[in-house]
Amino acid sequence: MSNLAKTMDTIADLHKSHGVKQKGGKLYTQVVHRMEAFRRIHGTDFGLDTEILVNDGKRVVVKAIITDKDNRKVGAGMAEEIRGQGMVNTTSALENAETSAIGRALASLGLAGGEYASANELDAVERKTQAMREEPNKLVSPKPVAPQPLTKEDVKNLPPSNLKPRELTDEERRELHKKKLEDFEHWCQQKKTQQQLDQYFRESESTLNEMLEHNPDLYKEGKAIFIKYLEKIQGKTNG
């Protein structure tokens with residue numbers, strides 16, 4: 001645990017060099033940078049696990065727990081997101097909540113990056129309050145109602161569906177891709193073998209190809225993350 005002071009100092013330096021300005025002018029060090037510093041200094045001295053507590057189609061609640069070598073809980077954090085509220089939560093509410101929970105777990109160890117809340121949580125109170133004000137019924141699970149059987153006449157009169165998903169703006173897509181980079185970093189560091197990393201890379205190829213088309217600079221960062229962890233695994237295997 002004595003090395004935590006060194007990690008705090010490292011993250012304090014990252015806060016100055018990599019801090020992202022949020023509403024109100026405060027700086028925030030993203031979870032991906034804090035997690036990378038945490039692993040670089042402590043290696044596998046600590047374990048990190050996440051658990052989905054709620055995922056009912058409306059709310060997502062995730063808990064993150066940090067344990068030491070003796071499997072004692074030394075840090076924890078929870079986060080809640082509402083599906084469809086904000087551009088990231090439209091497609092990635094679960095990933096967003098998980099990253100926020102990890103950020104809060106790190107913050108519970110003193111690795112807060114300038115704010116105890118995650119980057120997305122800094123805007124969350126206003127966003128969630130607005131959601132409850134505008135659509136309160138969406139945040140409460142309705143009592144189940146027995147479905148009525150469809151008749152042939154019902155089916156015949158069903159209107160054609162002309163609904164198409166809204167195309168993301170360039171800004172929205174870039175924010176989503178930045179979030180994916182944090183996911184890459186988090187999940188790559190969980191892989192212990194080259195086979196596991198290869199499988200995750202194949203699962204992520206469609207996202208990487210989309211990055212290549214719309215945000216080539218983020219695509220390079222994404223590929224670099226996979227290469228970094230591939231070299232780490234190969235180094236351990238060869239060593």
Side-chain angles (χ1 to χ4, degrees), residues 1-15 17-18 20 29-52 62 64-75 77 92 94-96 98-103 105-106 109 111 113 118-119 173-239:
M1 295 290 286
S2 59
N3 278 342
L4 276 175
K6 179 180 178 182
T7 313
M8 291 179 190
D9 291 341
T10 300
I11 289 177
D13 291 337
L14 286 172
H15 186 61
S17 61
H18 290 72
V20 179
T29 307
Q30 292 179 299
V31 175
V32 61
H33 298 308
R34 284 187 281 151
M35 194 67 208
E36 183 176 358
F38 185 63
R39 284 301 184 197
R40 187 170 63 248
I41 294 173
H42 300 282
T44 56
D45 288 346
F46 294 91
L48 174 64
D49 192 24
T50 57
E51 178 184 359
I52 301 172
V62 177
I65 299 174
I66 299 175
T67 55
D68 63 12
K69 283 187 174 181
D70 297 321
N71 205 34
R72 294 176 300 187
K73 183 169 72 174
V74 295
S92 305
L94 179 58
E95 296 93 327
N96 189 12
E98 182 185 50
T99 300
S100 297
I102 292 171
L106 290 171
L109 289 178
L111 312 177
S118 74
R173 185 177 283 107
R174 186 170 183 83
E175 286 301 314
L176 180 59
H177 287 168
K178 285 182 179 178
K179 175 64 180 61
K180 289 297 183 181
L181 288 180
E182 292 194 21
D183 293 341
F184 288 164
E185 187 80 36
H186 168 63
W187 289 112
C188 282
Q189 67 189 7
Q190 305 300 317
K191 309 306 177 186
K192 304 300 182 183
T193 67
Q194 184 169 339
Q195 183 179 3
Q196 292 175 343
L197 188 63
D198 287 345
Q199 177 64 31
Y200 181 54
F201 177 77
R202 287 193 292 270
E203 293 171 356
S204 306
E205 279 187 316
S206 60
T207 300
L208 286 167
N209 288 334
E210 185 178 308
M211 285 183 179
L212 178 61
E213 179 180 355
H214 298 282
N215 295 294
D217 59 320
L218 300 185
Y219 165 79
K220 290 180 181 179
E221 289 186 38
K223 290 292 289 290
I225 289 172
F226 281 101
I227 292 172
K228 178 176 71 174
Y229 285 95
L230 175 61
E231 290 175 345
K232 284 186 178 181
I233 290 174
Q234 290 176 340
K236 290 180 181 179
T237 302
N238 295 334

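- Looking only at side-chain heavy atoms (C-beta outward), Leu48 and Arg39 come within less than 4.5 Å of each other.
- Here Ile233 contributes atom CD1 and Gln195 contributes atom CD; the two are 11.0 Å apart, rounded to the nearest 0.5 Å.
- Taking the ring centre of Tyr229 as origin, the terminal cationic atom of Lys191 falls outside the region bounded by 6.0 Å and 45° from the ring axis.
- Under a 4.0 Å N-O distance rule, the pair Lys179/Asp183 qualifies as a salt bridge.
- Donor-acceptor pairing under 3.5 Å is lacking for the side chains of Glu213 and Tyr219.
- Within the 4.5 Å cutoff, the side chain of Asp217 has heavy atoms near those of the Arg174 side chain.
- Side chains of His186 and Glu95: no donor on one and acceptor on the other come within 3.5 Å.
- Atom OG1 of Thr7 sits about 9.5 Å away from atom CZ of Arg40, to the nearest 0.5 Å.
- Contact check for Gln194 versus Gln234: side-chain heavy atoms found under the 4.5 Å cut-off.
- In the model, Gln199 has a side-chain atom that pairs as donor or acceptor with a side-chain atom of Glu203 under 3.5 Å.
- For the pair Lys223 and Phe226, the cation does not sit on the ring face, since its NZ or CZ is not both under 6.0 Å from the ring centre and inside 45° of the axis.
- For the pair Leu218/Glu221, a side-chain contact is recorded, criterion being any heavy-atom separation below 4.5 Å from C-beta on.
- A heavy-atom distance below 4.5 Å is not found between the side chains of Glu185 and Leu181.
- Remark: Lys220 NZ is loosely packed, at most 12 non-hydrogen atoms of other residues, nucleotides or ligands lying under 6.0 Å away.
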> What's the verdict on salt bridge (charged side-chain N to carboxylate O under 4.0 Å, His left out) for Glu210 and Lys180, showing C-alpha distance, side-chain angles and the deciding distance?
Replying inline: CA-CA 11 Å; Glu210 185 178 308; Lys180 289 297 183 181; over 6 Å; no
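- Nearest heavy atoms, Ile66 versus Phe38: CG2-CZ, 4.3 Å.
- Inter-residue side-chain proximity for Glu98 and Leu94 is flagged as unmet; no heavy-atom pair is nearer than 4.5 Å.
- Residues Arg72 and Thr67 form no side-chain contact, since every pair of their non-hydrogen atoms from C-beta on lies 4.5 Å or further apart.
- The shortest side-chain heavy-atom distance between Val74 and Leu109 falls under the 4.5 Å cut-off.
- Taking both residues in full, the closest heavy atoms of Glu182 and Val31 are given as OE1-CB, 3.9 Å, listed atom of the first, atom of the second, then distance.
- Across all their heavy atoms, Phe184 and Gly222 have their closest contact at CD1-CA, 4.1 Å.
- Interatomic distance, CD1 of Ile41 versus CE of Met8, reported as 11.0 Å (0.5 Å rounding).
- Going from atom CG of Asp49 over to atom CD1 of Ile102 covers 9.5 Å, rounded to the nearest 0.5 Å.
- Lys6 contributes atom NZ, which lies 9.0 Å from atom NE2 of His42 (distance to the nearest 0.5 angstrom).
- The CD1 atom of Ile225 sits 14.5 Å away from atom CH2 of Trp187, with the distance rounded to the nearest 0.5 Å.
- Under the 3.5 Å distance criterion, the side-chain polar atoms of Asn209 are matched with a main-chain donor or acceptor of Glu205.
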